[in-house]
Amino acid sequence: MNLAKFPRRGYVKTPTPIEYLPNFSKALGNKVNVYIKRDDLLPGCAGGNKTRKLDFSIADALAKGADTIITCGAVQSNHCRLTLSWAVHEGLDCHLVLEERVKDSYKPEASGNNFLFHLLGVKSITVVPGGSPMLEEMEKVAAKLREQGKKPYIIPGGASNSIGALGYVSCAQETMQQLFDMGLKIDHIIVPSGSAGTHAGMVAGMVGNNVDIPVSGVDVSRPRDVQEGIVRKLAQETLDFIGANVKLPDQAVTCFDAYYQPGYSLPNDGMVEAVKLLARTEAILLDPVYSGKAMSGMIDLIRKGHFPQGANVLFLHTGGSPALYAYLPTFRD
């Protein structure tokens, strides 16, 4: 697949490391060998997976003459942080629409990503109730800006459309080259699955390159049947957008939904254990909303024997550790 035909800004200059986690693997009984793809180390303010997507999304915005970026997310959105940071880097204005998915969860004085929004100089923050039609809410902001003579460009939540998903098609290709260079055979890849761009892009990249490594998502916000439908649709749209002429096999998309309750962004015991275990064995920070819950899912699958003894399992670390600082009571308890 030729990704060179799509404009990008070059934010991702070198591959992110793939690291073996010996202490973490030992803590889980050495049932499998756990590796981690460190997309938490991507460039951008405090790092994270959205940089790969924004590499393509912001290039598209600039190609269309935009001077302002509008995007959306939850009140502690990693995507909003990184979109804002790259907008600052490019000299673009940035306006955020935050969805209060948990009632009364938005606090202007909050730490974590919310603090960074203000530190980075966000132009405006609009807070809307959970369940709001986010594209419509962003369009309202865009209409006001157009009246002021601005040229806004809307990036969907998570940059999860066929343009943004190209970032994880690229990641899939990068990963395969790294595994070849390392002489490492990976049996399964686990990814957080939320707005779906990361999961769908990885699936599209693997399928489009005829790679047979299963990629499973751990849901952070939705039931399995709903999430699999969203991922499958976006993965196929991404393949079509690239011009791969490939029909996505049904078995290419698998999600596990037993780990996100009591709901999106709400802590649970498995997430807390996962964050503490990785920090205390490998000194790597997860986040409480995405990578923490996804890692808790992988831990449970390992303990239940989902993967064969001795399998090599790769976890895609999507970053987001600044959100930890908005959850201090959860971890202090």
Side-chain angles (χ1 to χ4, degrees), residues 39 44-45 48-58 60-61 66 68-87 92 94-102 105-106 112-114 116-117 120 122-142 152-168 191-202 217 219-222 226-227 229-235 237-238 241 255 260 263-266 287-291 293-294 318-320 322-323:
D39 273 13
C45 179
N49 66 320
K50 302 305 189 291
T51 286
R52 288 192 189 272
K53 303 177 184 182
L54 293 164
D55 202 3
F56 291 89
S57 298
I58 291 183
D60 189 57
T68 303
I69 301 294
I70 302 168
T71 198
C72 67
V75 298
Q76 282 288 338
S77 171
N78 297 306
H79 164 69
C80 286
R81 165 177 49 86
L82 278 166
T83 302
L84 172 58
S85 74
W86 287 115
L92 303 170
C94 185
H95 298 257
L96 303 177
V97 180
L98 302 183
E99 181 185 3
E100 204 174 43
R101 297 177 188 176
V102 178
S105 59
Y106 176 72
N113 286 320
N114 194 274
L116 293 177
F117 298 158
L120 289 164
V122 65
K123 293 301 180 183
S124 76
I125 293 176
T126 303
V127 181
V128 299
S132 297
M134 298 306 287
L135 182 57
E136 292 179 21
E137 295 293 344
M138 289 190 289
E139 287 287 0
K140 291 177 186 176
V141 176
Y153 179 96
I154 292 174
I155 296 177
S160 289
N161 58 9
S162 54
I163 295 174
L166 294 176
Y168 273 88
V191 303
S193 195
S195 61
T198 299
H199 189 179
M202 284 293 288
D219 298 354
V220 301
S221 58
R222 301 181 187 91
V226 176
Q227 186 68 15
I230 293 170
V231 174
R232 188 172 289 108
K233 180 175 183 292
L234 181 54
E237 289 174 353
T238 303
F241 183 61
C255 293
Y260 75 90
Y264 175 84
S265 80
L266 296 175
D287 89 290
V289 180
Y290 294 90
S291 54
K293 286 190 174 178
T318 53

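Numbers here are sequence positions counted from 1.
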*Pi-cation contact, Y168 with R52 (under 6.0 Å, within 45°)*: yes
*Relative to Y290, does K50 satisfy both conditions: NZ or CZ under 6.0 angstrom from the six-membered ring centre, and within 45 degrees of the ring's axis?*
yes
Checking [Y] against [X]: is there a side-chain donor and acceptor pair closer than 3.5 Å?
X: T198; Y: N49; value: yes
X: H95; Y: T126; value: no
X: D60; Y: Y153; value: yes
X: S193; Y: Q227; value: yes

*Given side chain to side chain contact (heavy atoms under 4.5 Å, CB included), test L54 with I155 step by step and report yes or no.*
CA-CA 9 Å; L54 293 164; I155 296 177; 3.9 Å; yes
Would you say that [X] contacts [Y] through its side chain, given a criterion of any heavy-atom pair below 4.5 Å between the two side chains?
X: L98; Y: C80; result: yes
X: T71; Y: V97; result: no
X: H79; Y: S160; result: no
X: L116; Y: P322; result: yes
X: L166; Y: F241; result: yes

Can you see which heavy atom on [X] is nearest to which on [Y], and at what distance?
X: K293; Y: G263; answer: NZ-O, 2.9 Å
X: L234; Y: G197; answer: CD2-CA, 3.8 Å
X: A87; Y: I58; answer: N-CD1, 4.3 Å
X: G319; Y: S291; answer: O-OG, 3.4 Å
X: G320; Y: D287; answer: O-CB, 3.0 Å
X: S105; Y: V102; answer: OG-O, 2.6 Å

Say whether, by atom type as modelled, one donor and one acceptor occur between the side chain of [X] and the main chain of [Y] under 3.5 angstrom.
X: D219; Y: S221; answer: no
X: S57; Y: K53; answer: yes
X: S132; Y: M134; answer: no
X: R101; Y: Y264; answer: no
X: E99; Y: C72; answer: no
X: T238; Y: A165; answer: no
X: Q76; Y: N113; answer: yes

*What distance separates L82 CG from L84 CG, expressed to the nearest 0.5 Å?*
9.5 Å
*When rounded to the nearest 0.5 angstrom, what is the spacing between SG in C94 and CD1 in I70?*
8.5 Å
*Does the pair L92 and W86 meet the rule for a side chain to side chain contact (heavy atoms under 4.5 Å, CB included), with working shown?*
CA-CA 8 Å; L92 303 170; W86 287 115; over 6 Å; no
*Worked verdict on Y106 versus N114 for side chain to side chain contact (heavy atoms under 4.5 Å, CB included)*: CA-CA 9 Å; Y106 176 72; N114 194 274; 3.0 Å; yes
*Is it true that K233 and E237 make a salt bridge, defined as a side-chain N closer than 4.0 Å to a carboxylate O?*
yes
